[in-house]
Amino acid sequence: MKHFLIVLCLGLALAVHASARVVVSALPEAVRPDAEVSTNIALNVNAARLQTLTFSVEFESCVTNEVLVALGADTDGNGDLSLYETDVVFGCDCGAWYCADLRTGETTQQSTNVIVIGKREFDPAWNLFKVIRRGFGEIDESVALDEERVRFDIRVR
């Protein structure tokens, strides 16, 4: 019995999770009321240790405004994520939340202001995300990015 318990204990895996958080508060004011404003944020993720990326967006949505978060790889190195460098877009347009995978062309409606990208969906080449706002009226948006990762993982078999 004693040997069985030792083997059972050695077979267990121990993992401690850590998380990092980035919060993007309100974007800069637009020059004109209907102008688009945006900001680019570096995405520095250790893909080998990543468990999930969670984007949550707070936004006063209505039919005249839109907010979106774009993920991709800044392949030309200019610090600005263009449409051609974008792989995934998540946001709210005309009061409805959506997620679009530009690699596959698939767009899905979302029931919430949160998107979770798991280890399998994450592309290690992604190094930038961009937050864009368009529209009229009082818009108070913020985006939070939570990265959950394994700090250490001990596996004995």
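The model shown is predicted, which means the values in this text are computed figures rather than measured ones.
Each of T107, D101, L102 was scored for a side-chain contact (heavy atoms from CB on, under 4.5 Å) with T104, with one residue passing: D101. Of the residues N44, V45, I117, the one that meets the side-chain contact (heavy atoms from CB on, under 4.5 Å) test with E147 is V45. Checked options L81, D87, L83; the residue passing with E85 is L81 (criterion: side-chain contact (heavy atoms from CB on, under 4.5 Å)).
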Audit row: T108, E106, side chain to side chain contact (heavy atoms under 4.5 Å, CB included) steps and yes/no: CA-CA 7 Å; T108 56; E106 181 181 357; 3.7 Å; yes
Residue pair T75, Y84: steps toward the side chain to side chain contact (heavy atoms under 4.5 Å, CB included) verdict: CA-CA 9 Å; T75 55; Y84 304 106; over 6 Å; no
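To the nearest 0.5 Å, atom CG of residue L71 and atom CG of residue L53 are 7.5 Å apart. Separation of atoms CG (L128) and CD1 (I41) is listed at 7.5 Å; rounding is to 0.5 Å. Rounding to the nearest 0.5 Å places CD of E121 at 9.0 Å from CD1 of I115. If you take CG on N40 and CG on D74, they are separated by 7.5 Å, rounding to the nearest 0.5 Å. Taking SG of C94 as the reference point, atom CD of E66 lies at 7.5 Å (rounded to 0.5 Å). The structure places CG of N113 at 9.0 Å from SG of C92, a figure rounded to the nearest 0.5 Å.
Within the 4.5 Å cutoff, the side chain of L68 has heavy atoms near those of the R134 side chain. Within the 4.5 Å cutoff, no side-chain heavy atoms of V89 are placed close to those of V69. With a 4.5 Å cut-off on side-chain heavy atoms, T52 and K119 do not count as touching. Here the side chains of L43 and L145 are in contact, with some heavy-atom distance below 4.5 Å. With a 4.5 Å cut-off on side-chain heavy atoms, W126 and V88 count as touching.
Of all heavy-atom pairs between A73 and A125, the closest is CB-O, 3.3 Å. Scanning all heavy atoms of the two residues, the minimum distance from V114 to Q110 falls at O-NE2, 4.1 Å.
Note on ring orientation: taking the six-membered ring where Trp is involved, the planes of F55 and F129 are perpendicular (angle over 60°, cut-offs 30° and 60°).
Using a cutoff of 4.0 Å between basic side-chain nitrogens and carboxylate oxygens, K130 and D80 are scored as salt-bridged.
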